[in-house]
Amino acid sequence: MKKRTNPIPQILRQTGSNLAKTWPTQIMGLFTVMLAVLIFSFFLLVHLNMLATGARLGEELRLTVYLEREIEPPLMARLEQQIRQFGDIAEVRYTSRQEAFARFADQLGEERDILDNLGPEFLPPSIEVTPKPSLRSPDDLERLAAHLLTLPDTTRVQYGREWLRRFSAFNRVLQAVVLISGVLLILNMIFTISHSTRLAMAARREEIEILRLLGASRSYISIPFVAEGLLQGGLGSGLGMAALWLFYQRIGNPVNDPGLLGLFTPSFLPLPVTAGIIVGGTLLCVVSSLLVVNKALRI
Amino acid sequence: MKKRTNPIPQILRQTGSNLAKTWPTQIMGLFTVMLAVLIFSFFLLVHLNMLATGARLGEELRLTVYLEREIEPPLMARLEQQIRQFGDIAEVRYTSRQEAFARFADQLGEERDILDNLGPEFLPPSIEVTPKPSLRSPDDLERLAAHLLTLPDTTRVQYGREWLRRFSAFNRVLQAVVLISGVLLILNMIFTISHSTRLAMAARREEIEILRLLGASRSYISIPFVAEGLLQGGLGSGLGMAALWLFYQRIGNPVNDPGLLGLFTPSFLPLPVTAGIIVGGTLLCVVSSLLVVNKALRI
Amino acid sequence: MNNSVPVSDFTVECLKLGKTYPPDITALQNVSLTAAPGEILFVTGVSGAGKSTLLKLICRRESPSGGMVMLFGQNLARIGSAEMQLIRRRIGVAYQDFRLLPDLSVMHNVAMAMEVDYRPRRLIRQRVGRLLEQLGLTDKERRPVSDLSLGEQQRVAVARAAANQPALLLADEPTGNLDEKSGALVMALFRELAAAGTTVIAATHDEKLHRDSGHQVLRLERGCLVEDTRHEKAY
Amino acid sequence: MNNSVPVSDFTVECLKLGKTYPPDITALQNVSLTAAPGEILFVTGVSGAGKSTLLKLICRRESPSGGMVMLFGQNLARIGSAEMQLIRRRIGVAYQDFRLLPDLSVMHNVAMAMEVDYRPRRLIRQRVGRLLEQLGLTDKERRPVSDLSLGEQQRVAVARAAANQPALLLADEPTGNLDEKSGALVMALFRELAAAGTTVIAATHDEKLHRDSGHQVLRLERGCLVEDTRHEKAY
Ligand SMILES: Nc1ncnc2c1ncn2[C@@H]1O[C@H](COP(=O)(O)OP(=O)(O)OP(=O)(O)O)[C@@H](O)[C@H]1O
Ligand SMILES: Nc1ncnc2c1ncn2[C@@H]1O[C@H](COP(=O)(O)OP(=O)(O)OP(=O)(O)O)[C@@H](O)[C@H]1O
Ligand SMILES: [Mg+2]
Ligand SMILES: [Mg+2]
């Protein structure tokens, strides 16, 4: 009976010596993975923030029901109930003549002095109806407006038809851009990582074949490569996200400038997305290594 | 004296047979180049359009000089001269009470009926001054406003300070995003193409070395590789731009929707940029091939 | 072998072995042979006679188009890939084209065969040192294989094949790049291994190596066995 | 040579040639030799004696650490890289490790040497066909080199070296993988080339090849010339 040792340390040694021997390629690979992850997450960050801005714009959407006369609270409660029957209504708010005048003055901003010789009576009282996000298509709003017109004392229902069309066109463009760029960038990441893995492997195909001829087990051959993919993917993705964070700090600040008045409050990728990208990048590297090593093993 | 033929056909034959032998790698390389060019030009397209939108927003920027009373044309001509003295003024336009009222009614849109019982007299006459793009920083406009206040009959100078701050913050973000993404995408293109070239070359290093041992001239060895880079780069870049055009047709249409009211009129990359990208992508491939072949020749 | 019942006294048995490479290149035809533990067997024949093909079939680098190979009493075609890994570690092969890793040191190349078998490091050091000494390579042990002369590389290939004290050693043209003296070192190693029970099968065109050695000789011609010193009468 | 004035009657002259590989491996020391057109010269010695190193110095695959090489009357160290390309096409080298392209056909591998010299295609076809016939490889001419036995590959390497009817042919261990009969084919080719004026220098450990051949023999030992059949008295 021949003496044999525990295989684990031997395999670990093999992994370590592989890493030590090929570190220039490894560093290049690391940098490649980092760049791929950085590009992907950079555009994800930009696009998520654009989508968030789009959503925030959407929140400004509301319908105004102009009324013939001021309404007392009990009647208002009945009206609100009737409105909410339509479904998917987020908020219903009554605005008296007085409030309407104050708000209009606000909207005029520096031009408010043109109202100086007018009294609050010239604006009618109104009810503002804010639909939920699920109810934002032009068609839905048309139906809601028709429903609101059936309420008693309603003179007119008004909502930013023009604005809504702008907004939904903008959203459609944004979604198309996000979709296409997502696909392109994922493809890019897959291509880049698989290229880098194949490049690293090209130099070692010979080694794999010889190990097989000597009767090395599949795990003896694969584990070093997979460990390498794990290390490279994990480190590369992590560094990519770190670089993104640095960029974010630099761009985030000018944006947080009160200049944009809360319309565009940037936020970093949420933690689960960050984690997802790192895990995804790592997995991509590992899977790519496994595929390449398996291909080499099959020969 | 031994018989020798014209070297050109022999080198061309060599190129052709190389292409024929390695077409699967070639196709992969082509696809890689195409993807890299597509990603780069896609984001360039999106960003150029965003910048154009930013610029268009900037064109809406003007200062309004409110006047105490209506002004006759001869006086107006003098005033205009005085204003233009400041320099970098694009347009100066007089608005009478009548015109101001009409425009305000327009701006109110569906809410215009609130003006029903008001006469045109309640809005003052004004001069609108549009600065050139070179005069759009908050500071410059502050100085221009001060200059305008010194004009006779001026009661007040007004310009969208809020709006201006929003706009310049937005522009700063946009520029940072464009800058960072430009650098990242160029790096990505360089990396991708050089990876793909090195991968294609790895299989042929042996061939190059043997050709050298046999006394092949540098051009005999290099030309096939450079031709390959040229073909791959030219075709790949061209296909990438073609794919971008297809995408543009698909996204361009919803955007051309009148919904956006001219705020965002998309345009494809201008011809020189398109040509530049194709030439640049091709050059990158050729240079990358040359570098790799030269490295192999040095060994 | 430790955990399988030996059903044969032979390390290798080939039965009517044939090999046709696509499209129709018949490299081997109807070759039968046996090799017992401790036996040294020479396979000879001119260039292209099928010597390497025979060795490749025995270590399953190629699969036969006809006939079968029994290795340690098992039908080679029926061995699963996991078990084949274990069997490969018990077969040492010195390839005609060496198949060494040029960037690794001589020591490391030889040690590899023992490392994949998870041998203790001390044992590996001892064994590798001794083998390199026997083959006159001690002063090259830390050099990358690419720095060696081809004759030196050939001896490294032989050392690697012998490293695990294999039950079967296949050597393809082990002295092709060697002078008489170095060739003798290789032969001495083969004899030592055989004395410890290893079956050695060596393909060679080198008449000096086997003539008057007393070892068995098989001669191939265009893929057919035309001479077998043990069964002279059969031909 | 066509456009340079010949200043020497010798194809190759080596003067006190030495080669030390880093860090301190002396592979060759103080070796002088001359080889005239039409001469066949054998370099012998045990494995590691420095035979391949000598040939590598002559074709400038390595540069000498001492002494100098004159090729066609020119100091090899002074030849520019563009001219060296032309000279390489006039030297055929059969490497000890062949250096063939395994994926290309036999024909294509041999033709390569003539293609880089821009020879007419008809001439290439003729010459390649004839060489392969002489070396017994006609039926393999369309096969990729990787499908060949090593002895066959060795002959392809010799064929490529001879393709351009070079002024100088260097052959490193050209019969290492060959049996006596195939070796004789190679020797016949060398003699034919020499008769047409080619200088042939062959490194070999194969005594059969040069013993009683009447050709000149140099013997190296640890990098030093210890025997030169032309200048017996010198040692
Ligand atoms: N690149 C190198 N770096 C270091 N040492 C080398 C190198 N090439 C050869 N050597 C050493 O120089 C010596 C002579 O080598 P060379 O290849 O000339 O021997 P050889 O006579 O051709 O032997 P063989 O018959 O085995 O081919 C050997 O000891 C070898 O290890
Ligand atoms: N993979 C292959 N595909 C096609 N033909 C092959 C292949 N391998 C070997 N052959 C052919 O089979 C025949 C026998 O080859 P083999 O390598 O067994 O010869 P050999 O006896 O080892 O010769 P050598 O002494 O030259 O090494 C040769 O004619 C060879 O060309
Ligand atoms: Mg063989
Ligand atoms: Mg040698």
Side-chain angles (χ1 to χ4, degrees), chain A residues 1-29 198-228 290-299, chain C residues 1-3 55-56 59-62 79-95 97-105 108-124 126-127 144-146 156-157 160-161 163-168 170 172 196:
Chain A
M1 191 65 201
K2 288 168 180 177
K3 255 197 274 179
R4 275 183 190 81
T5 53
N6 181 351
I8 310 297
Q10 173 56 38
I11 292 180
L12 288 181
R13 250 196 319 274
Q14 174 78 0
T15 308
S17 97
N18 267 358
L19 285 177
K21 267 183 315 200
T22 58
W23 65 264
T25 325
Q26 303 283 342
I27 299 263
M28 272 298 286
R198 281 168 58 204
L199 209 52
M201 187 67 79
R204 272 143 77 184
R205 173 149 290 162
E206 181 79 2
E207 183 177 339
I208 292 180
E209 205 182 327
I210 289 175
L211 282 171
R212 287 199 68 207
L213 292 177
L214 295 176
S217 66
R218 286 181 85 87
S219 54
Y220 185 94
I221 298 174
S222 316
I223 287 175
F225 285 99
V226 173
E228 224 177 275
L290 262 178
L291 285 180
V292 177
V293 85
N294 269 349
K295 201 176 147 207
L297 278 174
R298 227 178 304 125
I299 292 168
Chain C
M1 282 294 275
N2 295 319
N3 42 17
L55 296 193
K56 281 177 192 163
C59 67
R60 208 166 89 171
R61 260 189 86 191
E62 295 279 357
I79 296 175
S81 82
E83 200 183 346
M84 194 62 207
Q85 284 161 8
L86 297 176
I87 288 187
R88 279 196 199 288
R89 301 183 204 163
R90 310 191 52 224
I91 307 179
V93 186
Y95 296 97
D97 51 358
F98 315 157
R99 314 231 70 192
L100 300 169
L101 283 171
D103 296 335
L104 298 188
S105 71
H108 198 141
N109 263 283
V110 179
M112 244 167 107
M114 301 182 75
E115 282 170 358
V116 304
D117 201 22
Y118 308 117
R119 299 301 181 87
R121 300 181 80 186
R122 262 191 53 217
L123 183 71
I124 296 182
Q126 274 176 16
R127 174 89 184 138
V145 162
S146 57
V156 176
R160 187 181 65 186
N164 274 328
Q165 289 184 292
L168 171 63
L170 303 174
D172 198 349

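All chains are named by letter (A, B, ...) in the order of the sequence lines, taking the proteins before the strands, and each is independently numbered beginning at 1. Treat the numbers as computed from the prediction; the structure is a model and nothing was measured.
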Note, A/Glu207 side chain near C/Leu104 side chain (heavy atom, < 4.5 Å) | no
Given a strict heavy-atom distance threshold of 4.5 Å, which part of A/Ile221 is in contact with chain C: side chain, backbone, both, or neither?
-> neither
Under 4.5 Å to a heavy atom of chain A? For C/Leu100 that would be backbone
So how far is it from C/Glu115 CD to A/Leu211 CG, rounded to the nearest 0.5 Å?
-> 9.5 Å
Minimal non-hydrogen separation, A/Ile210 against C/Met112, with atom names = CG2-CE, 4.0 Å
Approximate separation, where rounding is to 0.5 Å, of C/Met84 CE and A/Arg212 CZ | 10.0 Å
Count the heavy atoms belonging to other residues, nucleotides or ligands that lie under 6.0 Å from CZ of C/Arg121, then report whether that count exceeds 12.
-> no
Check the pair C/Arg160, A/Leu214 against side-chain contact (heavy atoms from CB on, under 4.5 Å), reporting the backbone distance first and the verdict last.
-> CA-CA 9 Å; C/Arg160 187 181 65 186; A/Leu214 295 176; 3.9 Å; yes
Measure C/Arg60 against the heavy atoms of chain A and call it side chain, backbone, both or neither at under 4.5 Å.
-> neither
Please name the pair of heavy atoms, one in C/Val116 and one in A/Gly215, separated by the smallest distance, quoted to 0.1 Å.
-> CG2-C, 4.4 Å
A/Arg204 side, atom CZ; C/Asp103 side, atom CG - distance, nearest 0.5 Å | 11.5 Å
Could you pull out the closest heavy-atom pair between A/Leu213 and C/Arg88, with the gap in Å?
-> O-CD, 3.5 Å
Side-chain contact, heavy-atom cut-off 4.5 Å: A/Glu206 with C/Arg99?
-> yes
